[in-house]
There are 2 protein chains.
Amino acid sequence: MKYSVSEENYIKAIYHLQQEVDRVNTMLLASTLETKPASITDMLKKLKTKRLLDYKPYYGFKLSAEGNRVALVIIRRHRLWEFFLAEKLKFSWEEVHEMAEDLEHVSNKKLIDKLDAFLGYPKFDPHGDPIPDQDGKIQKEEHVLLSELKVKAQGRVTKIKSHSTKIMDLIAHQQMNIGSKITVKKVFEFDESMEIVIDGKTTKNISKQLANNIFIANDK
Amino acid sequence: MKYSVSEENYIKAIYHLQQEVDRVNTMLLASTLETKPASITDMLKKLKTKRLLDYKPYYGFKLSAEGNRVALVIIRRHRLWEFFLAEKLKFSWEEVHEMAEDLEHVSNKKLIDKLDAFLGYPKFDPHGDPIPDQDGKIQKEEHVLLSELKVKAQGRVTKIKSHSTKIMDLIAHQQMNIGSKITVKKVFEFDESMEIVIDGKTTKNISKQLANNIFIANDK
DNA sequence: AATATTTTTTAGGTTTGTCTAAATTTTATA
DNA sequence: TATAAAATTTAGACAAACCTAAAAAATATT
Ligand SMILES: [Mn+2]
Ligand SMILES: [Mn+2]
Ligand SMILES: [Mn+2]
Ligand SMILES: [Mn+2]
């Protein structure tokens with residue numbers, strides 16, 4: 001089955017919201033897609049008749065098994081393109097999301113599988129999010145917040161929680177990046193700020209708020 | 001200015017038809033786009049109000065200077081993606097056109113320019129058609145039909161006239177390709193068939209009809 | 001020159017995806 | 001529990017891009 005750009009954007013948005021809440025509701029989806037609630041209701045009916053959605057009026061909704069499968073196909077396309085843009089075309093990882101938002105709707109399966117091969121079957125996109133494979137399987141990476149690490153613990157930065165420009169600014173300035181190796185040197189009781197070493201080179205002090213937004217995979 | 005997928009497809013189709021005829025007409029465009037004449041008229045009016053088209057009812061139409069500029073942007077995108085698909089993803093050159101038909105509408109300029117750089121600023125797409133540069137300039141390659149070459153002449157295959165599967169079949173079987181070096185060994189008067197050497201290795205006999213569909217750049 | 005044929009445009013509809021405004025249902029509050 | 005507020009759906013409209021059928025204009029044929 002082939003779905004329209006709009007349908008795909010709805011499916012993907014519902015999938016992402018479901019990672020946070022169990023049953024998505026109209027208002028929430030309207031605000032993330034920046035449309036009006038009435039438009040959401042229209043699309044919900046359509047997705048329901050296409051059997052992509054479990055939906056009872058007034059009771060919220062969730063993707064069907066098939067809806068989930070479709071969502072993962074779209075997310076696979078999105079993240080592979082993001083990886084391509086960052087890795088091959090040398091875009092910074094803040095720039096890639098918007099372009100991938102369009103590229104994800106080019107839906108030729110053979111194209112995506114060949115792209116995957118060309119990129120060397122990457123497991124994570126530039127933001128550290130997992131890339132579903134051909135069967136929709138995603139590799140779960142166990143990561144913890146940097147703020148939860150104890151002194152002497154170390155690991156690699158896998159993901160940033162929020163992608164706001166404010167946080168990006170700070171992180172870029174600190175010369176941290178996805179993949180950077182982090183070692184915790186000290187944790188100060190006063191404000192829970194940390195002293196860390198980045199890639200075995202530079203030593204930095206970071207606030208609790210910042211450490212709360214950085215995910216780390218335990219290196220071992 | 002940003003144009004819809006439909007608008008872009010119309011603009012590009014008009015551009016291509018103008019390479020053959022001076023003023024395009026409704027029927028011709030309808031048949032190449034596989035739509036009805038009434039739909040063409042609707043779009044012509046829209047393109048006219050957007051100043052992309054010179055159009056007087058009943059008198060045929062042609063792209064304005066701006067329309068031409070836009071067409072070349074779309075063709076640049078199309079051919080760069082084709083080059084990417086063939087060169088990097090290892091698609092055969094018969095497969096790339098259809099996928100490029102979708103990718104050409106992803107219109108982020110920085111993306112296309114970076115793709116261009118990544119590919120090494122190629123001048124010709126896998127079919128041998130020239131790729132417009134950032135300013136819409138296209139490199140004119142002087143090529144002649146293989147059938148016009150005399151004995152001992154040599155050159156490289158730059159382009160195939162028709163892209164029908166029937167011709168593709170034959171050409172693939174003869175192990176010819178864009179870029180193959182061709183040397184004419186003999187021309188038989190009886191049926192004007194030729195004996196040629198491909199890439200200095202294999203010797204083949206080809207019919208006048210086939211030679212009439214293969215463009216050659218004079219190597220020198 | 002008159003008539004027939006072809007081409008093009010116009011008129012009026014349909015589908016998709018959006019919207020506003022109003023009605024309905026659910027949830028919260030007094 | 002009655003009422004107020006919020007969330008959701010319905011009703012009706014609109015733009016984009018298509019369509020069919022009919023009218024109008026251009027071109028070809030007798
Ligand atoms: Mn993204
Ligand atoms: Mn999207
Ligand atoms: Mn092409
Ligand atoms: Mn296209």
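None of these values were measured; they are calculated from a predicted model. Order of the sequence lines fixes the chain letters, A, B, ..., with proteins taken first and strands second; residue numbering starts at 1 for each chain. Atoms considered below: every heavy atom in the structure, side chains included; atoms not considered: hydrogens, waters and symmetry mates.
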[N] phosphate, OP1 or OP2, under 4.0 Å from [X] side-chain N/O:
| X | N | value |
| --- | --- | --- |
| A:Tyr10 | C:dT16 | no |
| B:Thr26 | C:dT9 | yes |
| A:Asn25 | D:dA7 | no |
| B:Thr41 | C:dT10 | no |
| B:Lys45 | C:dT9 | no |

Check the distance between [N]'s [atom2] and [X]'s [atom1] and give it to me in whole angstrom.
| X | N | atom1 | atom2 | answer |
| --- | --- | --- | --- | --- |
| A:Lys56 | C:dT26 | NZ | C1' | 15 Å |
| B:Met43 | D:dC19 | CE | C1' | 14 Å |
| A:Glu34 | C:dC19 | CD | P | 10 Å |
| B:Leu28 | C:dT7 | CG | P | 11 Å |
| B:Leu29 | C:dT9 | CG | C1' | 15 Å |
| B:Ile40 | C:dT6 | CD1 | C1' | 17 Å |
| B:Met27 | C:dT6 | CE | P | 10 Å |

Check your understanding: At under 4.0 Å between heavy atoms, what does B:Tyr55 touch on the DNA or RNA strands: base, sugar-phosphate, or nothing?
Key -> sugar-phosphate
Check your understanding: Looking across every strand, which nucleic acid part, if any, lies under 4.0 Å from B:Asp42 by heavy atom: base, sugar-phosphate, or nothing?
Key -> base
Tabulate atom names and distances for all N/O pairs under 3.5 angstrom spanning the protein and nucleotides 20-28 of chain D.
{"unit_1": "D:dA25", "atom_1": "O4'", "unit_2": "B:Tyr58", "atom_2": "OH", "d": "3.4"}

Of the non-hydrogen atoms in [X] and [Y], which two are nearest, and what is the gap between them?
| X | Y | value |
| --- | --- | --- |
| B:Phe215 | B:Leu145 | CE2-CD2, 3.6 Å |
| B:Ala100 | B:Glu82 | CB-CG, 3.5 Å |
| B:Ile138 | B:Ile131 | CG2-C, 4.2 Å |

**Study point:** Cationic tip of A:Lys114 above B:Phe91 ring, under 6.0 Å, 45° of axis
**Key:**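 A:Lys114 over B:Phe91 ring: yes.
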Point to revise | B:Lys88 NZ/CZ over A:Phe84 ring centroid, <6.0 Å and within 45° of normal | key: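 No, B:Lys88 and A:Phe84 do not form such a contact.
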Review point. Residues two or more places apart in sequence or in another chain: which of them pass ring-ring contact (aromatic ring centres under 6.0 Å, His included) with A:Tyr3?
Key: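 Checked A:Tyr3 against ring-ring contact (aromatic ring centres under 6.0 Å, His included); zero matches.
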Point to revise | Partner of B:His78 under ring pair (Phe, Tyr, Trp, His ring centres under 6.0 Å), chosen from B:His127, B:His105, B:His97 | key: B:His97
